[in-house]
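See below for the structure under consideration.
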Amino acid sequence: MTGENEKETRHDFIRDMVVEDIAPGGRFEGKTICTRFPPEPNAYLHIGHAKAVWIDYGIAEEFGGLFNLRFDDTNPAKEEQEFVDCIIEDVRWLGAKWDGRLFFASDYFGQMYEWAIELIKKDKAYVCDLTPDQVSAHRGTLTAPGKNSPYRDRPVEENLDLFTRMKNGEFPDGVKTLRAKIDMAHPNLNIRDPIMYRILHTEHHRQGNKWCIYPMYDWAHGFEDSIEGVTHSLCSLEYENHRPLYDWFIDAVNEGRTDDGSGPWGKKINHPRQIEFARLNLSYTVMSKRKLIDLVRGGHVRDFDDPRLPTLAGLRRRGYTPEAIRNFCAIIGVNKFYSTIDVALLEHCVRENLNKTSPRVMAVLKPLKVVIDNYPEGQVDQLDAVNNPEDPSAGTRKVPFSKELYIERDDFMEIPPPKFYRLSIGKEIRLRYAYFIKCINAVKDNAGNIVELHCTYDPATKGGDAPDGRKVKSTIHWVSAKDAIPAEVRLYENLFTKENPDDVPEGKDLTVNLNPKSLEILRNCFVEPALKNAQPLARYQFERLGYFCVDPDTANGILTFNRTVSLRDEWAKIQKTQKI
RNA sequence: UGGGGUAUAGUGUAAUGGUAGCACAACUGACUCUGGAUCAGUUAGUCUAGGUCCGAAUCCUAGUACCCCAGCCA
């Protein structure tokens with residue numbers, strides 16, 4: 001994974017714990033480190049998940065261990081195969097490798113069921129007939145202890161019988177649960193006799209109708225890890241309050257078990273260590289599952305792969321590289337408190353990567369026609385252009401030049417303000433890789449809009465250098481009008497206008513912070529002919545404009561590009577300060 | 001008002017009793033056939049108050065602020 005260009009992963013508190021665990025006398029001395037990424041297949045992955053994947057996968061790799069991709073599919077009501085497929089694609093795209101270690105929690109339902117029976121026999125679990133409302137009422141509050149369920153002291157035999165009948169489908173949804181017998185007065189609410197199994201007569205995407213009881217997260221997750229030989233179970237901060245339960249369930253199964261398997265209960269099972277870290281938050285966007293769904297359902301974005309979304313599918317379509325995302329993950333590090341990373345850092349990472357790897361081409365987004373008055377009608381020059389100044393091995397290409405060209409509308413100003421180095425009447429500039437041109441006059445339509453420029457060129461400056469040594473203040477990009485390929489270009493800005501989209505007036509939702517300019521579609525763009533057969537997801541730098549990625553919509557017949565990120569733009573900054 | 005966590009420049013992250021460093025952002029300047037890239041530089045920080053120590057971001061005490069927990073979700 002760690003290519004030459006990737007940032008070195010720093011030491012962090014999790015890695016410190018791993019080092020401590022494998023050291024002599026440590027909890028996992030002599031064991032192979034194993035981590036897992038355990039998505040629930042009910043949503044698309046976003047860059048926050050990329051952070052998690054990269055911590056999990058990164059640690060496994062660093063310590064010569066194993067990495068499991070495991071679907072935590074314990075709730076049949078919400079999960080679908082479609083998400084399984086997309087998540088696999090995203091994790092693979094990111095660059096994590098699981099070498100056949102693809103697992104499903106639902107495959108462990110049988111084993112978990114047996115352990116549940118074991119807990120009942122050890123008098124650590126009971127079948128409870130309380131309704132959901134009653135369970136809630138018995139739970140107590142943050143400050144007041146809960147009350148014991150009246151079914152808490154059922155005899156073991158009765159529990160065994162009832163639980164078997166629950167499994168056999170004899171009871172309707174919701175009328176009974178299996179609960180752990182722990183402590184209804186515990187200050188940590190999670191420990192007040194947590195529910196282990198609920199009845200759900202729902203078809204499971206992999207198990208079909210085999211089960212009508214399904215395990216709850218707290219009961220299931222530690223066992224999923226244990227079965228797979230996971231040593232370090234890394235999760236987000238909100239599970240900190242659940243760690244005592246994670247440990248309690250495994251300890252409960254291990255009670256009475258022995259290292260060599262002698263005795264009535266058999267061999268001890270693996271007890272992984274759960275470690276929590278903070279999720280990623282990014283400025284100007286949202287990461288929560290529910291909010292992303294709302295944005296899609298509300299029609300505020302096109303779909304889950306809308307390039308404005310922080311989903312991995314969206315970032316991919318936008319033109320982000322896995323390498324850029326990995327570097328970003330390495331830079332942001334791991335911590336235990338909530339923080340929000342400036343989206344500018346993500347943009348920095350993708351620019352840094354794309355600068356080194358993207359072929360340069362010329363494209364005009366908002367075209368203004370230029371006629372070179374003294375250039376011979378019908379003549380074409382094939383000029384040499386460098387494909388990537390950062391990478392000589394990328395070579396050069398030919399770019400056609402002719403009498404009629406398009407330049408960027410923004411590169412001409414009739415009344416140039418101070419520090420405007422580009423084209424204006426009477427001024428000379430360079431057309432990249434071509435000639436020096438001087439603007440003679442601007443043709444306007446009846447409404448006063450400039451529709452065409454007339455310029456002259458200096459044949460002696462072919463290739464872009466003046467033999468007499470004279471300098472120009474600026475170089476602009478262009479395309480030959482008769483050779484240009486029409487294209488559609490989609491420009492993106494932050495989806496929200498506020499750093500924290502949830503910062504809304506009382507009673508409003510985050511849609512009030514939606515950026516009306518988050519998508520701008522330009523349909524009259526022209527790109528140089530080298531792009532004729534550009535394939536979906538290919539990435540380019542449009543010189544002086546930014547990095548662009550071919551959108552899959554190109555298959556519909558119109559060459560379409562997404563702007564991944566703009567280039568740093570000094571002139572835009574100057575303009576901003578001039579306006580103020 | 002119970003329990004569990006966390007506090008370092010604008011943002012993020014190092015320093016594990018010994019010069020508070022790095023990155024992003026911002027701002028200067030140099031260079032440039034991309035106002036890109038690159039290079040050089042500037043601004044800016046240990047939550048508060050005490051204490052221990054030759055020496056504290058780090059250890060101790062007392063505060064303060066913020067986050068998480070009352071789904072048969074994960």
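Proteins come first, then strands; the chains are lettered A, B, ... in the order of their sequence lines, and each starts at number 1.
- Distances from the side chain of W571(A) to the nucleotides G12(B), U34(B), G35(B) place G35(B) closest.
- Judged by distance alone, with hydrogens and angles left aside, R351(A) brings no side-chain donor or acceptor close enough to the base of G36(B) to form a pair under 3.5 Å.
- In G45(B) the O4'-C1'-N dihedral to the base is more than 90° from 0, which defines an anti nucleotide.
- Applying the 3.5 Å distance criterion, the base of G4(B) shares no donor-acceptor pair with the side chain of E276(A).
- OP1 or OP2 of U34(B) has not a single side-chain nitrogen or oxygen of H477(A) nearer than 4.0 Å.
- In this structure, E390(A) atom CD and A37(B) atom P are separated by 9 Å, rounded to whole Å.
- Distances were taken from every side-chain heavy atom of D569(A) (C-beta onward) to each of A25(B), G35(B), G12(B); the shortest belongs to G35(B).
- Comparing C22(B) with A14(B), their C1' atoms are spaced 7 Å from each other, to the whole Å.
- Dense packing is recorded around NZ of K289(A), with more than 12 heavy atoms of other residues, nucleotides or ligands lying under 6.0 Å away.
- Atom-to-atom, CZ of R15(A) to C1' of U13(B) comes out at 14 Å; the value is rounded to the nearest Å.
- Using a cut-off of 4.0 Å between Lys/Arg side-chain N and Asp/Glu carboxylate O, R192(A) and D183(A) are scored as not salt-bridged.
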Could you pull out the protein-nucleic contacts involving nucleotides 68-74 of chain B (nitrogen or oxygen on both sides, under 3.5 Å)?
residue, atom, partner, partner atom, Å
C68(B), O2, N241(A), ND2, 3.1
C69(B), O4', N241(A), ND2, 3.4
A70(B), O2', R139(A), NE, 3.3
C72(B), OP1, R139(A), NH2, 3.4
C72(B), OP2, R139(A), NH1, 3.2
C72(B), N3, G174(A), O, 3.1
C72(B), N4, L130(A), O, 2.8
C72(B), N4, P132(A), N, 3.4
C72(B), N4, G174(A), O, 2.8
C73(B), OP2, R198(A), NE, 3.1
C73(B), OP2, R198(A), NH2, 2.9
C73(B), O3', R198(A), NH2, 3.2
C73(B), O2', N75(A), ND2, 3.2
C73(B), O2', K78(A), NZ, 2.8
A74(B), OP1, T74(A), OG1, 2.9
A74(B), OP1, R198(A), NH1, 3.2
A74(B), OP1, R198(A), NH2, 2.9
A74(B), OP2, Y217(A), N, 3.0
A74(B), O3', D72(A), OD2, 2.5
A74(B), N6, H242(A), NE2, 3.3
A74(B), N3, Y239(A), OH, 2.6

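- Of the candidates G12(B), A26(B), U1(B), the closest approach to any side-chain atom of T143(A) belongs to U1(B).
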| note | Parsed dot-bracket for RNA chain B after applying the Watson-Crick and G-U rules with both distances under 3.5 Å and | for other-strand partners is .((((((..((((....[..)))).(((((.......)))))....(((((..]....))))))))))).....

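- Between the C1' atom of U13(B) and the CD1 atom of I14(A) lies a distance of 15 Å, rounded to the nearest Å.
- Here the rule is salt bridge (charged side-chain N to carboxylate O under 4.0 Å, His left out) with E428(A), and of K438(A), R470(A), K471(A) only R470(A) fits it.
- In this structure a side-chain-to-backbone donor-acceptor pair under 3.5 Å is missing from Q578(A) to K419(A).
- Y151(A) and N159(A) share no donor-acceptor pair across their side chains, judged by distance under 3.5 Å alone.
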